[in-house]
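This report concerns only the one structure given below.
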Amino acid sequence: PHWDTDSPVAVTWELALERADAHRPEGVARPLMGLIALLDSAATPEQVAVSRPIRTYLGRRTFPARTLTRHEVRLALASLERLNLVTRDTPLVIVAHLLTQRATLEHTRTRPTREAVRAIADGLVDVWPDTARDSALGRRLRSNTAVLRERTTGRVRVWSWLWEEGIHPVLFRAGSGLDTSRQVE
């Protein structure tokens, strides 16, 4: 969408997100959509969205700032789903249309930030099981890590933010997961 014009896509996206953000807990749906847009459009595990790092990140956007509960994040997910910004392919997998993700990544109010990228990476690590050989969850986490590495915002590759302050542990987890599932090539 062209954000400086009132294109149908831009107006529809903005209205839907504004409405979702007005539901309880207020002010959480928009930043949550910003996080979902950073991940795999077809297979974001709900466990990542309700992980402690994500709840803490989202809670900093509420007034007063606090750590959200899993239930509150699920309510925000339900608001996004009700307004067709995301769907749930299965009960524990979040799906977002590529156009919705692109709109979210390009809009100034939901564009990726270092803090958001680090929160997502921390959320992925938080739910990554120690023995994720070739399980469905392990594959989804590796896929989401790969998508996160490839995202860009403007001229900045999100990947570079995962190398600040040393290599982020999610990169090690993804690499060892590929090794364990014999996909190193």
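What you see is a predicted model; the values in this text were computed from it and never measured.
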When rounded to the nearest 0.5 angstrom, what is the spacing between [atom1] in [X] and [atom2] in [Y]?
{"X": "Thr110", "Y": "Leu32", "atom1": "OG1", "atom2": "CG", "answer": "11.5 Å"}
{"X": "Ile54", "Y": "Thr67", "atom1": "CD1", "atom2": "OG1", "answer": "12.0 Å"}
{"X": "Arg140", "Y": "Leu92", "atom1": "CZ", "atom2": "CG", "answer": "8.5 Å"}
{"X": "Ile36", "Y": "Ile94", "atom1": "CD1", "atom2": "CD1", "answer": "4.5 Å"}
{"X": "Leu148", "Y": "Leu141", "atom1": "CG", "atom2": "CG", "answer": "12.0 Å"}
{"X": "Leu83", "Y": "Thr12", "atom1": "CG", "atom2": "OG1", "answer": "11.5 Å"}

Taking every non-hydrogen atom, the tightest pair across [X] and [Y]:
{"X": "Ala65", "Y": "Arg60", "answer": "CB-CA, 4.2 Å"}
{"X": "Ala96", "Y": "Met33", "answer": "CB-CE, 4.3 Å"}
{"X": "Val48", "Y": "Gly123", "answer": "CG1-C, 4.1 Å"}

Subject >> Arg61 to Tyr57 six-membered ring, cation-pi geometry met (6.0 Å, 45°) >> reply: yes
**OP:** Go through Arg151 and Leu105 one step at a time and tell me if the side-chain contact (heavy atoms from CB on, under 4.5 Å) criterion holds.
**Re:** CA-CA 9 Å; Arg151 292 286 187 217; Leu105 291 169; 3.8 Å; yes
NZ/NE/NH1/NH2 to OD/OE distance under 4.0 Å, [X] and [Y]:
{"X": "Glu106", "Y": "Arg111", "result": "no"}
{"X": "Arg109", "Y": "Glu18", "result": "no"}
{"X": "Arg70", "Y": "Glu46", "result": "no"}
{"X": "Glu81", "Y": "Arg74", "result": "no"}
{"X": "Glu150", "Y": "Arg157", "result": "yes"}

Donor-acceptor pair, [X] side chain versus [Y] backbone, under 3.5 Å?
{"X": "Asn144", "Y": "Leu39", "value": "no"}
{"X": "Asp21", "Y": "Arg30", "value": "yes"}
{"X": "Ser79", "Y": "Leu75", "value": "yes"}
{"X": "Thr56", "Y": "Arg52", "value": "yes"}

Subject >> Within-4.5 Å side-chain heavy-atom neighbours: Thr113 and Val117 >> reply: no
**OP:** Tell me yes or no: between the side chains of His168 and Asp122, is some donor less than 3.5 Å from an acceptor?
**Re:** yes
**OP:** State, without any angle test, whether Trp159 and Thr152 hold a side-chain donor-acceptor pair at a distance under 3.5 Å.
**Re:** no
**OP:** Show the numbers, then the answer: is there a side-chain contact (heavy atoms from CB on, under 4.5 Å) between Arg19 and Arg82?
**Re:** CA-CA 10 Å; Arg19 182 71 182 135; Arg82 194 173 322 132; over 6 Å; no
